[in-house]
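Whatever order the structure lists ligands and atoms in, that order sets their numbers, starting from 1. Computation of the quantities below employed the complete heavy-atom set of this structure, encompassing side-chain atoms and omitting hydrogens, waters and symmetry-equivalent molecules.
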Amino acid sequence: MAYPYQIKSLEEYQENYKQSVMDPEGFWANVADHFYWRRKWDKVLEWNFKDPDVKWFTGGKLNITENCLDRHLGTLGNRPAIIWEPNDPEERHRVITYRDLYNKVCQFANVLKNNGVKKGDRICIYMGMIPELAIAVLACARIGAIHSVVFGGFSAQSIADRIQDAQASLVITCDGAFRGNKDIPLKSVIDDALMGCPSVKKVIVCTRTRTPVSMIKGRDLWWEDEIKQVETMGNPPCSAEEMDAEDMLFILYTSGSTGKPKGVVHTCGGYMVYANYTFVNTFQYQPGEVYFCTADVGWITGHSYIIYGPLSAGATTLMFEGVPTYPDAGRLWSIVDKYRVNILYTAPTAIRSLMGYGLGPVNHKDLSSLKKLGSVGEPINEEAWHWFKDHIGKGRCPIVDTWWQTETGGIMITPIAGVTKEKPGYATLPLPGIQPILVDENGKEVTGNNVNGNLCIKFPWPGMLRTTYGDHERCRTTYFATYENLYFTGDGCLRDEDGYYRITGRVDDVLNVSGHRIGTAEVENAINMHAGVVESAVVGYPHDIKGQGIYAYVITERQTHDPELTKKDILQTVSRIIGPIAKPDKIQFVSGLPKTRSGKIMRRILRKIAEGELDNLGDTSTLLDPVVVDEIKKGRL
Ligand code: WTA
């Protein structure tokens, strides 16, 4: 596959950027022209950020799986689409060619059809990182069902919330998932979740761990049995459902500063074009290269850069079931060595944790195949950046520090590997098509260089979210109401003397723990569910490996006799309500919280205390009860 829209030089970048601002519709039509459309669009873009109402490629008809699979069969049919590395390095790996993948997707799409799934139905997918997860995702897209993938680390309660919000009718899961030395009982978690989910009529269970599961008659089906049925039907083909460019492709739930996670909605046409364009450009993908993204498909990075971006580009994408530290801290490097990986895309938290093991696990691994490195999910500190550059890239691989969000669908601000300049700690420059702007608290544009502000985007791009599922008003207020006519990212940002962007972190109450987005309000609600807890306040603090840790201040009804046990109980509660990823790192019992006279918790003060900046608390005189601050300072963990 050739990529005529791949930017190959700095001059081309500048030219493209200029054109994308002067004539955005012409720019994106040029890119979109290189896809397979059943019917071309009538209009490239219609939009306003007020409602918001954004439509790309209206009138266009397509199916994203025809772009990820069918169109490659003629030329790339025998090329590996997915290389799968199991959790246990002793187990056999799998190589799935484009033709195999096409067949498997059609087969499973027929399974879904046999079970009554129709275009527009919502399907919840809760699986480990096995090829069947990618197959399930693509099979939904093939028949126009809307997938909602839920990360395997979320609790039954979190799954139930997501299923109810989307009114999903079918769940696809596994008996269990292997992750490191753990065996996560996915089906049993689903059983708990489904007790409160009458919308779900069927559950399809794929065998992976052979953990005993209870199969409910009339509801639960084995993946393998269902496939056999399709085989006895003679494996009929499964033609792709013709989708409108603006039909929903998927929902992905993500945390915000208030309330329950919201279902970010992406649509077929724009998302496809954007995931592909950003993949091909950022990583400068060349045909035949082996590309390895270490994310989980449960997050947006896995959607866009394990599945849709690479497959739509005919790339070879490596999918890894396990974790970087199992069976030892050299696992990622062994995988690079084993498959001659050319592009490695990972997260700062993984790099920082592996740095801690020294160079032993890196030595004697052949990393000479690596050509390009990428980082995503959180700001990368300079130390980690240099370690990645020197010890993994051996000084010869460009690093792309890619800034983007679940809501943006794909990479927004990033160096282009080997084409534009990189700078440690900086996401550097926007891709052509992206128009960032910094504003102050009043929404006034901050112009010039060497400035700080809140990061907004002032013009639509094809991969942007269209709505939050079932609640458009929430989409409007969260992203489009803070600053008039701008999409607000929730991130703080500085633009340096050269005009390079550096993301400084969230300016709202969203935490980024090991690259996972968690709302402080969500954690507080979970803690408050625990019997005996009166109130809590959660803030983030700098954590060497996770980037941010979770610090919880908790008021209990009575003084606890065994604080350690109570802490464990609270952790267990948070695990149950949200999932283990949201467990606080520190819990401090307090008798009160610093509040304004109107009853608002002064998080700024709590944050400062958690960060250890005890002498720099600012004005506390407006507090209802200033004494409580001293108590909290004294009890700091
Ligand atoms: C943060 C992940 C600094 C940011 C793709 C954003 C980053 C949030 C970077 C989105 C980066 C992501 N540098 N910060 N390169 N990439 N972030 O939705 O705060 O899980 O708003 O999407 O992660 O997280 P999400």
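For ligand 1 and Asp401, the ligand atoms under 4.0 Å from any heavy atom of the residue are 11 (C), 13 (N), 15 (N). Within ligand 1, counting atoms from 1 as listed, the ones closer than 4.0 Å to a heavy atom of Thr402 are 9 (C), 11 (C), 15 (N), 16 (N). Short contacts between ligand 1 and Asp491, defined as distances under 4.0 Å to a heavy atom of the residue, involve ligand atoms 4 (C), 6 (C), 19 (O), 21 (O). Near Thr301, meaning under 4.0 Å from one of its heavy atoms, ligand 1 places the atoms 5 (C). Set against the non-hydrogen atoms of Val376, the atoms of ligand 1 under 4.0 Å away are 5 (C). In the vicinity of Asn512, heavy-atom distances shorter than 4.0 Å reach the ligand 1 atoms 1 (C), 23 (O). Remark: ligand 1 atoms within the under-4.0 Å shell around heavy atoms of Ile300 are 5 (C), 22 (O).
Residue contacts with ligand 1 leave out Gly490, since none of its heavy atoms falls under 4.0 Å from the ligand. No heavy atom of Trp299 sits closer than 4.0 Å to any atom of ligand 1.
Looking at atom 3 (C) of ligand 1, its nearest protein heavy atom turns out to be Pro379 N, 3.1 Å. When only non-hydrogen protein atoms are considered, atom 20 (O) of ligand 1 lies nearest to Arg517 CD, 3.6 Å.
Around NZ of Lys421, the count of heavy atoms belonging to other residues, nucleotides or ligands within 6.0 Å does not exceed 12. Other residues, nucleotides and ligands place more than 12 heavy atoms under 6.0 Å from the CG atom of Asn452. Other residues, nucleotides and ligands contribute at most 12 non-hydrogen atoms within 6.0 Å of the CD atom of Glu383.
Taking the ring centroids of Trp461 and Phe459, they lie at or beyond the 6.0 Å cut-off. The six-membered or imidazole ring of Tyr426 lies away from that of Tyr501, with a centre-to-centre distance of 6.0 Å or more. The six-membered or imidazole ring of Tyr487 lies near that of Phe480, with a centre-to-centre distance under 6.0 Å.
Of all the listed residues (Tyr305, Trp404, Tyr501), Trp404 holds the heavy atom that lies closest to atom 2 (C) of ligand 1. Nearest-residue assignment for atom 9 (C) of ligand 1 (options Glu378, Gln405, Met412; heavy-atom criterion): Glu378. In this comparison of Ala347, Gly377, Ser255, Gly302, the heavy atom closest to atom 17 (N) of ligand 1 sits on Gly377.
On a distance-only criterion, Thr254 and ligand 1 share no N/O pair closer than 3.5 Å. At least one N/O-N/O distance between Thr406 and ligand 1 falls below 3.5 Å. Ligand 1 has an N or O atom lying under 3.5 Å from an N or O atom of Arg506, backbone or side chain.
Within the 4.5 Å cutoff, no side-chain heavy atoms of Asp53 are placed close to those of Trp47. Put simply, the side chain of His386 reaches to within 4.5 Å of the side chain of Pro424, judged on heavy atoms.
Between the side chain of Arg607 and the main chain of Val539, no donor-acceptor pair closer than 3.5 Å is present.
For the ring-ring contact (aromatic ring centres under 6.0 Å, His included) with His303, the qualifying choice from Tyr308, Tyr271, Phe151, Phe250 is Phe250, the only one to do so.
For the pair Lys586 and Tyr541, the cation sits on the ring face: its NZ or CZ lies under 6.0 Å from the ring centre, inside 45° of the axis.
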